[in-house]
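Have a look at the structure below before the remarks.
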Amino acid sequence: MGIFYHSATNTFHLTNGQISYLMKVLPNGALGQLYFGQAIRDRESFDHLLEMKRRPMSSCVFEGDSLFSLEHVKQEYPVYGSTDFRHPAVEILQPNGSRITDFVYESHTITKGKPRLQGLPATYCESDDEAETLTICLQDKILDVSLYLQYTLFAGYPVIARNARLENHGKQDLHLTTAMSLSLDLPDSQYEFVHFSGAWSRERHMKVRRLEQGIQSVESVRGHSSHNHNPFIMLRRPGTDEVSGEVIGFSLVYSGNFLAQIEVDTWDTARVTMGINPFGFDWKLSPDGTFQTPEAVMAYSCQGMGNMSRTFHSLYRSRLARGQWRDKPRPILINNWEATYFNFTEDKLVSIAQAAKEDGVELFVLDDGWFGRRTNDWTGLGDWEANLERLPGGITRLADRIDGLGMKFGLWFEPEMVNKDSDLYRAHPDWIIHAPGRRTSHGRNQFVLDFSRKEVVDWIYNAMFKILSQAKVSYIKWDMNRSITENYSQALPADRQGELLHRYILGVYDLYDRLNTAFPHILFESCASGGGRFDPGLLYYAPQGWTSDDSDAIERLKIQYGTSFCYPVSSIGAHVSAVPNHQVNRITPLSTRANVACFGTFGYELDLNQLTEKEREQVREQIAFMKEYRQVLQFGDFYRLLSPFDSNFTAWMAVSQDKRTALAGWYKTLNEVNGPYRRIKLQGLNPEYSYTIDGGDSRFGDELMHVGLLTTDSAAGERKPEEPASGDFDSHIFVLKA
């Protein structure tokens, strides 16, 4: 592994044996892009990759030179307006009204390890031997602004982590209106653009389209990464599948407004940019001021999408998530929300916990409604003190009673929000985000606290600290149930209002970080009406997230399948809920609900007291199964086998690190009549091992991967009397042991 600089040609080569990334200093001093892909041999010069041709009607950089035009050169961090007419990576509004900049190479450093990003989540190293970091300094000498581009090359991953930092050394106030985390110019546009979009309760559905000339993008301007689009995209070559073909994944480690954009020019160069959405963004860069972009991670695979996903899974599971829970199997929990909503008492909660304990559940979670005068969603948010009418002994006594059952106790918060009917709002009406003189919109009858203000974050921290320091709380579900409207802060001057939404996210990160530090034993789960802020930024603070409010097993097949392209199974909150399902009114078998939730953190959203004894026995078996195999399910290598976006069937599997244990989940949406014979080709096994299947017959790994595992059920032909009947929403988890 190494980061090489060839001074004779001003060329940088980042390579670790898996990938190569090539850049060079261009004739005008800017940084040019030469190559990103499979590892190649190093050499002194790659100048032949810098192609230039005279083109009619092009503007050129140097007078008297009709060859060098930025319009036709691949660049590393481009600017607009000095012969490049594509969208830029950076734009600065200057006091004279100009937006023209000229960043030229000044110097570079190569260091072991990976520096932290101040105030922002990012991937990390546990030893300096794990990575090398290249920092390139470019300067605009007229503005006296330095631009630092940082690239981290990991030893064990086909990944480049990138960020940018700007420093104003001049004497003028400047306004940064665009500052992307990465820009990558690819030499052609023969790719399919894959993104993961949807809405509340149908998050991260896979969308595929061919790149065409023009601009294609996904974004959020909602103040959070959103249910609608995720800050993760892929570019794959046509024909690429799970096991073969070339693909590049782009992931932004950020939880606020983002833009992921591909611009294809009329010469078929594809420019990928990713970072904070420039829409509405305006950061005042005062003299001696600094702005740091979030981190973006690029992963390359020439072995299909599955290999790329496992790269992200491993990196994010072990070098983005942190803390005591990073590597621990997650406790099996029961959440009271769909069992009681706001209608509960202390004794009712304890009765739910008691039944759950009897069946093997390890953690009881009290959801919304425990604080202030919270009896509905109109009141109480922001008043983080126990409602003593419902909980006469407060959270402390309830937690003690749960602890006395031999269970852990978890608690729901929505710290970023407030109701107008609350003591907090009555004391501080100016603490909400709203525009003076304008109507104040609501979402779920609640309003957004201005987390760009330190005093607001401090107040919420102190309220949460008081509860968590007095009660035995082992888990926090951190919710966020609306997007931000009327973007205006009472605490920011007019020329800094464009900073609000980024400062808001920095405030969220600050609160998470302080609570992580004060209570390192607590397992945090992020939530935003389910999947509205399921992004890498929050994985840094909360190693798991509530994947979607839609807990229906069949809907979850698409949601969890789409989520798995970037995010590890250990981060995917998945629960068994009551039927008819509260989101889609569908009735699915209890077994299928569990078989889907097993490929996640696993828990229950129901009152086990309402189940029959036969169902309770099933629950006990499910919990025993999960306890036996959760290490493999949550931390094994994950493989997608059949896509719910393509057929009536879904299949995926997890394989232990030693390849001796594997679990393959198979799911059917609707039943068939006189259907075909079916099999699925497994992945990730050792071809030399012989595997027993569900404790019965054995097959060698090579057969299971190349011939397949037979999954034909009684829907094929006429059912024999001794065969179990097939039906809609059938499923099975095959257990393979070497």
- Item | Pair Tyr254, His502: side-chain N/O donor-acceptor within cut-off below 3.5 Å | yes

- Message: Does atom CD1 (Ile142) have a neighbourhood of more than 12 heavy atoms from anything else shown, all under 6.0 Å?
- Response: no

- For the residue pair Phe534 and Tyr567, does the interplanar ring angle fall in the parallel (under 30°), tilted (30 to 60°) or perpendicular (over 60°) class? perpendicular

- Distance, nearest 0.5 Å, that separates CD1 of Ile332 from CE of Met626: 6.0 Å

- Message: Working note: His6 + Ser45, criterion side chain to side chain donor-acceptor pair (under 3.5 Å); need CA distance, chi angles, decisive distance, verdict.
- Response: CA-CA 8 Å; His6 300 293; Ser45 174; over 6 Å; no

- Between Tyr21 and Arg162: side-chain donor-acceptor atoms closer than 3.5 Å: yes

- Check: Glu219/Asn277 side-chain N/O donor and acceptor closer than 3.5 Å: yes

- For side chain to side chain donor-acceptor pair (under 3.5 Å), just list the numbers for Arg86 and Thr269, CA-CA rounded to whole Å, side-chain angles, deciding distance to a tenth of an Å, and then say yes or no. CA-CA 11 Å; Arg86 293 166 290 180; Thr269 298; 4.8 Å; no

- Should Glu126 and Arg326 count as an ion pair when the cut-off is N to O under 4.0 Å? yes

- Using a strict cut-off of less than 4.0 Å between a Lys/Arg side-chain nitrogen and an Asp/Glu carboxylate oxygen, indicate whether Lys114 and Glu295 qualify as a salt bridge. yes

- Query: For Thr290, does its backbone N or O pair with a side-chain atom of Arg165 as donor and acceptor, under 3.5 Å?
  - Reply: no

- Is a salt bridge present between Arg640 and Asp241, judged by a nitrogen-to-oxygen distance below 4.0 Å? no

- Item | Pair Glu192 + Arg236, salt bridge at N-O below 4.0 Å | yes

- Query: So, Arg630 and Glu362, do they make that salt bridge, N to O below 4.0 Å?
  - Reply: yes

- Item | His108 and Phe12 aromatic ring geometry - parallel, tilted or perpendicular at 30°/60° bounds | perpendicular

- Item | Modelled atom types, side-chain donor and acceptor of Tyr629 and Thr661, under 3.5 Å | no

- Query: For the residue pair Phe281 and Phe291, is the inter-centroid distance of their aromatic rings smaller than 6.0 Å?
  - Reply: yes

- Can a salt bridge be assigned to the pair Lys141 and Glu106 using a cut-off of 4.0 Å between side-chain N and carboxylate O? yes

- Query: Between the side chains of Glu91 and Tyr80, is a donor N or O closer than 3.5 angstrom to an acceptor N or O?
  - Reply: no

- Indicate, with yes or no, if the rings of Tyr541 and Phe524 have centres closer together than 6.0 Å. no

